[in-house]
**Student:** 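The structure's right below; bear with me while I get my questions together.
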Amino acid sequence: MSLFIIVTNAVFIFGGEPLVNIIQGFYILENLKKYCDSHGISLFCGIITNGSLITSEIIDKLLYYNCTMVQITLDGTKDVHDARRPYKNGKGSFDDIICAIKLLSKVSNKLRTIIRINIDKTNTTEAVNLLRYLGNNGEGLTMCGIDFGIVRGSTSACSAYSGNCYIDYEIGDVLEYLWNEAEKQGFLMHTNPFQRWMYCGLYSDGQYTVTPDCNVYKCWEHAGMDEHRMGEIGDDGSLVNVSFALYDWMSKNPLEDKDCRECVYLPACGGGCGVVSYNETGTYHAKGCFKVKGVLEKQIQRFALEVANKAKK
Ligand code: SF4
Ligand code: SF4
């Protein structure tokens with residue numbers, strides 16, 4: 001199943017694994033392109049994929065649709081990744097994915113490849129091994145961006161795994177360690193402190209997740225869950241049958257929550273993630289602390305150091 005997230009004039013295709021049925025993905029992109037061309041809109045796209053099915057032909061076609069970002073997840077070096085993500089026949093997928101990243105690196109001036117490494121307590125050391133393999137001590141794929149995802153176990157499906165997940169106040173130290181390791185390997189890390197009135201783009205008017213049956217959600221973590229369905233795409237492309245959930249989501253205001261109102265991280269935080277709030281409290285209107293406490297301090301320290309180093313030159 002492919003899902004789509006629409007960011008005003010950009011579409012990100014993800015899944016499941018979107019390349020399993022990329023014919024469907026290209027069909028949708030073609031139709032959106034025609035619509036955008038006829039309305040004077042520039043269309044951009046991106047794709048989140050496991051990378052195993054990427055070919056030169058697919059890259060060419062993605063470029064045709066103004067693809068600017070490909071995100072590929074790796075779970076570790078070859079042995080670890082292959083043990084965690086084998087093909088149906090048991091064969092590992094690591095080598096194919098590295099070949100795909102090398103193919104993508106040939107067009108890095110037009111298309112940015114982001115390597116996503118999901119982190120929990122079980123694989124942080126392995127993540128460093130992977131950075132060494134990918135970076136200057138190994139394949140030299142430093143034109144790629146690195147994104148560290150923090151695994152969280154707050155949904156009912158993942159709660160059994162929550163003991164392996166970092167808790168909020170540990171995340172800053174872990175990320176700082178990994179940012180430094182990535183930089184040692186030649187990757188350019190963008191860790192400037194953020195300041196945002198909205199915690200996430202999905203609080204803006206223009207970002208939605210759309211499932212293949214044309215149902216509309218805000219966050220992909222809620223896709224397919226009836227209580228979070230915000231509406232559907234009508235025949236003319238507009239959002240119809242809008243439900244209360246959309247108004248409920250969009251009316252989140254951190255100043256109405258006592259914890260957020262009194263929190264030193266506001267306004268830089270924006271009130272947190274609605275998925276975290278809902279999973280923890282059953283409402284979007286509560287604090288949704290995630291990847292802020294302890295992380296913002298590290299970002300500020302790094303930013304200050306960067307400024308001081310520039311001033312010395
Ligand atoms: S979500 Fe958490 S970190 Fe963010 S402002 Fe609210 S209490 Fe503070
Ligand atoms: S999980 Fe939270 S922060 Fe991430 S996209 Fe969804 S709403 Fe935004």
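Indexing begins at 1, ligand by ligand and atom by atom, following the structure's order. Position 1 is the first residue of the sequence; numbering continues from there. Side chains included, hydrogens not; waters and symmetry mates left out as well; all remaining heavy atoms used.
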**Student:** Cation-pi check for Phe290 against Arg152: NZ or CZ below 6.0 Å from the six-membered ring centre and within 45 degrees of the axis, yes or no?
**Tutor:**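 That pair qualifies as a cation-pi contact.
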**Student:** Can you sort out which atoms of ligand 1 are near Lys293, meaning under 4.0 Å from one of its heavy atoms?
**Tutor:**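 Every atom of ligand 1 under 4.0 Å from some heavy atom of Lys293: 3 (S).
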**Student:** For ligand 2, which part of Tyr199 has a heavy atom less than 4.0 Å away: the side chain, the backbone, both, or neither?
**Tutor:**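 Under 4.0 Å from ligand 2, Tyr199 contributes side-chain atoms alone.
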**Student:** Give me the nearest non-hydrogen protein atom to atom 6 (Fe) of ligand 1 as residue plus atom name, then the distance to 0.1 Å.
**Tutor:**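 Looking only at protein heavy atoms, the one closest to atom 6 (Fe) of ligand 1 is Cys260 SG, 2.4 Å.
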**Student:** Got a sec: does the CG of Asp213 have more than 12 other heavy atoms crowding it under 6.0 Å?
**Tutor:**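 Counting neighbours around CG of Asp213, more than 12 heavy atoms of other residues, nucleotides or ligands fall under 6.0 Å, so yes.
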**Student:** Which atoms from ligand 1 have a heavy atom of Gly272 less than 4.0 Å away?
**Tutor:**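 Atoms satisfying the 4.0 Å criterion: 1 (S).
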**Student:** I want to confirm something. Looking only at heavy atoms, which of Cys289, Cys273, Pro254, Ala286 is nearest to atom 2 (Fe) of ligand 1?
**Tutor:**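 When every heavy atom of Cys289, Cys273, Pro254, Ala286 is considered, Cys289 comes closest to atom 2 (Fe) of ligand 1.
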**Student:** Quick check on Tyr278 - does any of its heavy atoms sit under 4.0 Å from an atom of ligand 2?
**Tutor:**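 No, that is not the case, since the closest heavy atom of the residue is not under 4.0 Å from the ligand.
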**Student:** Within a distance under 4.0 Å of any heavy atom of Glu221, pick out the atoms of ligand 2 and give their elements.
**Tutor:**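 Those atoms are 1 (S).
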**Student:** I'd like to know: is atom 4 (Fe) of ligand 1 within the 2.8 Å range of an N/O/S atom from Cys269, strictly under that distance?
**Tutor:**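 Checking atom 4 (Fe) of ligand 1 against Cys269, an N, O or S atom does fall under 2.8 Å.
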**Student:** Which heavy-atom pair separates Val292 from Glu297 by the least distance, and what is that distance?
**Tutor:**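 What the structure gives for the nearest pair is O-OE1, 4.1 Å.
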**Student:** So is Lys218 actually on top of Tyr203's ring, under 6.0 Å and inside 45° of the axis?
**Tutor:**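 No, Lys218 and Tyr203 do not form such a contact.
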**Student:** Which atoms of ligand 2 sit under 4.0 Å from any heavy atom of Trp220?
**Tutor:**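 This gives 5 (S) as the contact atoms.
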**Student:** Tell me the contacting part of Tyr203 for ligand 2: side chain, backbone, both, or neither, using a 4.0 Å heavy-atom threshold, strictly below.
**Tutor:**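 No part of Tyr203 comes within reach of ligand 2.
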**Student:** Closer than 4.0 Å to some heavy atom of Leu266 - which atoms of ligand 1 meet that?
**Tutor:**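 Atoms satisfying the 4.0 Å criterion: 5 (S).
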**Student:** Does Glu256 have any side chain to side chain donor-acceptor pair (under 3.5 Å) partners at least two apart in sequence or in another chain, and if so, which?
**Tutor:**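 Listed in chain order: nothing, the list is empty.
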**Student:** So is Arg152 close enough to ligand 2, meaning a heavy atom under 4.0 angstrom away?
**Tutor:**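 Arg152: in contact with ligand 2 (<4.0 Å).
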**Student:** Should the pair Lys33 and Tyr64 be classed as cation-pi, given the thresholds of under 6.0 Å to the six-membered ring centre and 45° from the axis?
**Tutor:**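 Yes.
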**Student:** Among protein heavy atoms, which sits nearest to atom 8 (Fe) of ligand 1, and what does the distance come to when rounded to 0.1 Å?
**Tutor:**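 Of the protein heavy atoms, Cys263 SG, 2.4 Å lies nearest.
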**Student:** How long is the gap from CD1 on Ile48 to CG on Asn50, to the nearest 0.5 Å?
**Tutor:**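 Taking CD1 in Ile48 and CG in Asn50, the distance rounds to 12.0 Å.
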**Student:** In terms of atom number and element, which parts of ligand 2 are under 4.0 angstrom from non-hydrogen atoms of Cys219?
**Tutor:**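 The atoms of ligand 2 under 4.0 Å from a heavy atom of Cys219 are 1 (S), 5 (S), 6 (Fe), 7 (S).
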**Student:** Tell me whether Glu57 is salt-bridged to Lys61, with the criterion being a basic N under 4.0 Å from an acidic carboxylate O.
**Tutor:**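 Salt bridge between Glu57 and Lys61, a charged N being under 4.0 Å from a carboxylate O: no.
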**Student:** Measure across Ala10 and Phe12 and return the closest heavy-atom pair with its distance rounded to 0.1 Å.
**Tutor:**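 For Ala10 versus Phe12, the nearest heavy atoms are CB-CE1, 4.0 Å.
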